[in-house]
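A quick write-up on the structure given underneath.
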Amino acid sequence: MQEKQNLLSTLPSVDEILKSNQGIEWLNTYPRRFVLQGIREAIDRRRKGIIEGTVSDISDEVTFADIENIIKRLAAYSLKPLINATGVVIHTNLGRSVLSEKSLRNILQVSGSYSNLEYDIEEGKRGKRYTHVKRILKEVTGAEDALVVNNNAAAVLLCLNSISKGKEVIVSRGELVEIGGSFRMPDVMASSGAILREVGTTNKTHIFDYENAINENTSLILKIHKSNFRIIGFTDEVSIEELVNLGKKYKTPVMFDLGSGCLLDLRAFGIYTEPAVREVVEAGVDITTFSGDKMLGGPQGGVIVGKKDYIEKIQKNPMTRAVRIDKLTLAGFEATLMEYVDEENAIENVPTLKMLLQKPETLKERAKRIAKRLKKEIKDVHIHVMPDSSRAGGGALPEVDLSTYVVSIKSGGISVNKFEERLRKGNPPIISRIKEESLIIDVRTVRDKDIDGLVTGIKAALS
Ligand SMILES: *Cc1c(COP(=O)(O)O)cnc(C)c1O
């Protein structure tokens with residue numbers, strides 16, 4: 001009892017700590033509120049520990065380390081960078097696309113200054129924010145007109161609300177997808193005020209299904225990309241060309257929600273089996289929508305390209321204001337799109353494309369390099385490089401396995417689940433995969449600048 005009393009009486013006061021050199025340094029670095037909270041929490045913990053008999057060491061060193069940990073936790077940002085070792089390039093939970101250098105630089109420049117966001121410099125009067133990416137989008141898609149909004153979900157909602165409010169929209173039953181979260185096509189349709197007219201069956205929809213459904217209240221024929229699933233076996237869907245012809249015959253616009261939307265023809269690389277946006281536009285589709293941060297590799301955004309009459313009508317919808325794009329995004333978008341003017345630039349400079357198109361030899365070399373460093377720094381663990389496959393993610397190429405190389409790590413010391421958890425909770429966090437009792441680092445999404453952090457993180461997790 002006496003001993004506890006003695007210990008309690010030696011606990012420093014909040015004021016003493018604040019006035020110490022360390023306290024002054026904290027106050028210079030962190031918000032005062034967090035410093036106070038850290039000191040109080042640490043002292044409280046100590047007091048409780050002493051009373052309960054679980055704490056006997058109350059040296060300043062330990063107390064100060066404790067305080068610093070609390071302050072750092074309070075002052076840390078919630079949204080932070082991490083290392084994606086899953087190999088999934090367009091990982092929806094991990095921020096989808098990593099932006100290009102030019103895109104980042106432009107965001108920094110434009111948002112760190114005043115800009116002509118809504119100002120026409122030539123005329124010296126008010127301008128429109130949408131004009132900034134119109135020209136370049138027309139250039140890289142071949143469309144008559146273009147508009148960018150907050151994301152593709154907003155783009156779809158906005159198009160439907162502008163063109164089809166109170167009117168019927170024909171959609172195949174094989175394409176009534178749920179993209180994730182609460183984005184389900186029938187629900188989006190309902191929120192937009194459009195009336196869903198389902199045609200065909202789950203596995204087969206024919207051109208006559210569409211044609212039979214057309215009536216005086218039809219406003220739109222909508223095709224939706226089956227982003228995250230495939231129907232295989234006895235199946236049939238109507239081609240874009242057939243839908244465009246049908247639309248012409250009945251003077252009904254055709255819209256295609258491409259979802260991911262790739263600006264390059266990547267079929268030559270053997271991985272992308274979908275038509276490029278340009279092809280869809282050239283086929284005569286009136287309105288095409290796609291994401292900015294999936295295959296395109298830019299910031300979050302929803303692109304609408306198509307015939308001028310429709311784009312103008314959509315732009316005039318008051319709802320456009322509610323889903324408008326901000327200046328940071330616009331700056332990132334314009335710089336990303338500019339890369340696409342020259343196909344080779346896009347492949348080299350847009351990280352999403354680059355990571356997707358990496359050659360197996362490149363991946364193997366990187367995996368070997370990482371494994372070598374790990375072996376040098378960590379003893380008594382099994383580390384080896386092996387071939388595996390990764391996914392594109394982002395609903396981009398659901399059925400495509402991309403050949404990759406991984407570093408497989410097996411430790412006798414801790415369970416693979418514990419290992420994965422420690423990596424995940426590390427600084428920076430490392431998100432990995434588990435396969436048959438081994439921890440898997442898929443190097444497709446590990447950039448050269450991540451390697452130091454990766455090696456340090458793995459070493460820390462295993463010690
Ligand atoms: C991803 C996707 C969307 C939603 O796009 P966001 O940019 O995430 O809002 C809509 N439709 C399809 C077909 C998609 O694949």
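Atoms within a ligand are numbered from 1 in the order they appear, just like the ligands themselves.
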Beyond-backbone contact of K223 with E175, side-chain heavy atoms, under 4.5 angstrom: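 Sidechains of E175 and K223: in contact.
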Please report whether ligand 1 has a polar contact with [X], defined as an N or O pair separated by less than 3.5 Å (distance criterion only).
{"X": "A154", "result": "no"}
{"X": "D257", "result": "yes"}
{"X": "S291", "result": "yes"}

Between K307 and E144, is there a side-chain N and carboxylate O pair less than 4.0 Å apart?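 Salt bridge flag = no for E144 with K307.
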Give a yes or no on whether a salt bridge exists between D209 and R197, defined as a side-chain N under 4.0 angstrom from a carboxylate O.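 No salt bridge links D209 with R197.
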Which is closest to atom 10 (C) of ligand 1 in terms of heavy atoms, N151, N152, I90, V156?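 Going through N151, N152, I90, V156 one by one, N152 has the nearest heavy atom to atom 10 (C) of ligand 1.
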Which atoms of ligand 1 have any heavy atom of [X] under 4.0 Å away?
{"X": "A153", "result": "4 (C), 5 (O), 6 (P), 9 (O)"}
{"X": "H225", "result": "13 (C)"}
{"X": "F183", "result": "10 (C), 11 (N)"}

Polar contact flag, side-chain donor to acceptor under 3.5 angstrom, T320-N317: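 Short answer, no.
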With heavy atoms under 4.0 Å as the rule, classify the contact between K294 and ligand 1 as side chain, backbone, both or neither.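 The side chain, only.
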Under 4.0 Å, counting heavy atoms only: does R96 come that close to any atom of ligand 1?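 R96 counts as a contact of ligand 1 under the 4.0 Å cut-off.
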To the nearest 0.5 Å, tell me how far [X] [atom1] sits from [Y] [atom2].
{"X": "I170", "Y": "T218", "atom1": "CD1", "atom2": "OG1", "value": "4.5 Å"}
{"X": "I304", "Y": "L158", "atom1": "CD1", "atom2": "CG", "value": "5.0 Å"}
{"X": "S192", "Y": "M319", "atom1": "OG", "atom2": "CE", "value": "7.5 Å"}

